[in-house]
2 protein chains.
Amino acid sequence: MAYRETEKMRQRKAAARQRIAECTYQCVAEGGFRNARITRVAQLAGVATGTIYRHYESKEDLFAEIFRKATQREVDKVAEALATPGIATARLEKALRQFAERALKAPVMAWSLIAEPVDPKVEEERLAYRKAYASLFEQAIREGIEEECIPDQDARQSSTCLVGAIAESLVGPLSPAQAEQATADDTDNNDPLVNTIIRFCIQGLTGARR
Amino acid sequence: MAYRETEKMRQRKAAARQRIAECTYQCVAEGGFRNARITRVAQLAGVATGTIYRHYESKEDLFAEIFRKATQREVDKVAEALATPGIATARLEKALRQFAERALKAPVMAWSLIAEPVDPKVEEERLAYRKAYASLFEQAIREGIEEECIPDQDARQSSTCLVGAIAESLVGPLSPAQAEQATADDTDNNDPLVNTIIRFCIQGLTGARR
DNA sequence: GCAATTAGTGAATCATTATTCATTCTTTGT
DNA sequence: ACAAAGAATGAATAATGATTCACTAATTGC
């Protein structure tokens with residue numbers, strides 16, 4: 001008898017899988033999922049196309065994983081912002097700002113995650129993650145209601161409104177058409193945009209003029 | 001010399017084009033753009049696939065036209081609601097309600113217009129129409145600021161938030177996954193949902209508790 | 001009825017990519 | 001070094017549908 005999978009091999013395979021994931025991520029970051037063909041990913045990763053399929057069931061599976069990882073990172077950041085000490089409204093504000101600013105800093109990836117047309121399996125992930133964001137916000141809203149800095153309301157619905165308002169506000173600035181006219185000035189002050197979104201959202205929640 | 005295009009022929013062609021458009025609409029209303037293959041549309045319309053191409057440059061062109069017509073209808077309804085007499089906030093409320101209720105009454109088409117992944121040319125139309133909605137709202141917000149029932153703010157940004165909040169709130173209830181579990185009770189009271197959205201939006205605009 | 005011209009047809013073609021799989025290369029334990 | 005097993009390869013295949021185009025059918029004015 002002979003070949004038995006060894007630790008070294010396990011690691012090598014894991015590394016290959018990792019590399020494929022990274023290269024896919026890179027492709028998406030450059031031009032969206034549309035831009036990430038299997039052949040291109042394989043080329044970048046320095047493997048044959050067939051090899052992709054030893055690590056992933058299908059393109060959709062690969063994409064779904066990339067989407068999941070990328071979005072999870074963002075969700076974590078929002079969760080982090082919501083976990084800081086302070087009253088609920090302030091924490092929500094921080095979280096919304098975090099969301100918007102991170103998106104504007106990595107616009108192509110953000111656009112892919114938020115608005116690029118994607119395959120069904122990936123779209124499923126997107127819906128799931130929109131729910132994840134909403135759930136985080138929902139929890140914070142509940143806490144705000146508890147603390148009485150937010151009036152009683154359907155926290156779930158309101159959280160969905162938050163997600164929608166912020167996502168829609170970003171679609172314009174993030175969309176590739178917009179990106180083309182790359183504002184030479186790359187400091188590109190987005191503060192007013194972000195501030196307006198936040199004001200609308202917090203007012204929507206609290207009904208208190210800011 | 002001989003054949004010269006006559007009025008009768010012009011009309012017949014127009015009728016065929018119209019029929020193709022209607023059948024495409026029907027396909028989309030049944031299962032989204034995904035469901036509307038050219039062969040299926042041709043079959044429904046009782047013409048050969050090639051005939052489609054005597055009336056439309058390409059599938060994307062056909063789809064874009066269908067999208068445009070369908071959305072224009074909705075935009076008109078919103079415009080109508082905004083054109084009634086009354087203070088700006090009341091008119092905005094009417095318009096938002098109109099938007100949401102019409103969507104919930106024709107969920108498959110609404111989902112296609114709002115959230116179905118579509119080809120680039122159609123996506124362009126979608127972006128354009130989201131802007132059309134936003135522009136209508138923006139104008140009403142401006143009027144509200146004039147009337148002093150809405151505090152001064154970036155009307156364009158706020159209108160985008162409105163569009164986002166309402167669209168996102170509808171995506172869940174409209175999504176095909178959701179539709180599967182067709183609530184037997186087809187009166188399916190959506191009033192609480194719609195009311196919550198509206199409250200959030202109007203509060204977001206006015207900062208006044210409702 | 002005829003010639004000119006356009007409309008309509010739909011099977012065949014094309015285009016695009018994901019996916020497969022027969023083959024080659026590596027690793028492993030003895 | 002060898003045999004067994006798995007990993008990697010990438011050219012060939014498959015699948016999906018949009019689009020074409022050589023051909024037929026209709027329409028028109030004479």
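Per chain, numbering begins at 1; letters A, B, ... match sequence-line order. Worth knowing before you read on, the calculation uses all heavy atoms, side chains too, and leaves out hydrogens, waters and symmetry mates.
In this structure, CD of A:E5 is placed 10 Å from P of C:dT28, rounded to the nearest angstrom. B:L62 has its CG atom 10 Å from the P atom of D:dT19, to the nearest Å.
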Taking only nitrogen or oxygen atoms into account, show me every contact under 3.5 Å that the protein makes with nucleotides 18-20 of chain C, one pair per line with its distance.
{"residue": "C:dA18", "atom": "OP1", "partner": "A:K59", "partner atom": "NZ", "Å": "3.3"}
{"residue": "C:dA18", "atom": "OP2", "partner": "A:I38", "partner atom": "N", "Å": "3.2"}
{"residue": "C:dT19", "atom": "OP2", "partner": "A:Y53", "partner atom": "OH", "Å": "2.6"}
{"residue": "C:dT19", "atom": "OP2", "partner": "A:K59", "partner atom": "N", "Å": "2.8"}
{"residue": "C:dT19", "atom": "O5'", "partner": "A:Y53", "partner atom": "OH", "Å": "3.4"}

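For A:E7, the side-chain hydrogen bond (donor to acceptor under 3.5 Å, both in side chains) partners at least two apart in sequence or on another chain are A:R10. Taking B:Y53 as the reference, nothing meets the side-chain hydrogen bond (donor to acceptor under 3.5 Å, both in side chains) condition, with sequence neighbours excluded. Evaluation of the side-chain hydrogen bond (donor to acceptor under 3.5 Å, both in side chains) rule for B:K77 yields no partner, not counting sequence neighbours.
Relative orientation of the B:Y133 and B:F99 rings is perpendicular, given thresholds of 30° and 60° on the angle between their planes. In this structure, B:F200 and A:F200 have perpendicular ring planes: the angle between them is above 60°, well past the 30° mark.
Between A:H55 and D:dA7 there is no side-chain polar atom (N or O) within less than 4.0 angstrom of OP1 or OP2. At the phosphate of C:dG29, neither OP1 nor OP2 sits under 4.0 Å from any side-chain N or O atom of A:R4.
Identified under the salt bridge (Lys or Arg N to Asp or Glu O under 4.0 Å) test for residues 36-54 of chain A, with sequence neighbours left out: A:E30-A:R40.
Cation-pi check for A:R126 over A:F67 is not met; the charged atom does not lie both under 6.0 angstrom from the ring centroid and within 45 degrees of its normal.
Heavy atoms of other residues, nucleotides or ligands lying less than 6.0 angstrom from CD of A:Q43 number 12 at most.
Against DNA chain C, the stretch residues 6-31 of chain A makes heavy-atom approaches under 4.0 Å through A:T6, A:K8, A:M9, A:R12.
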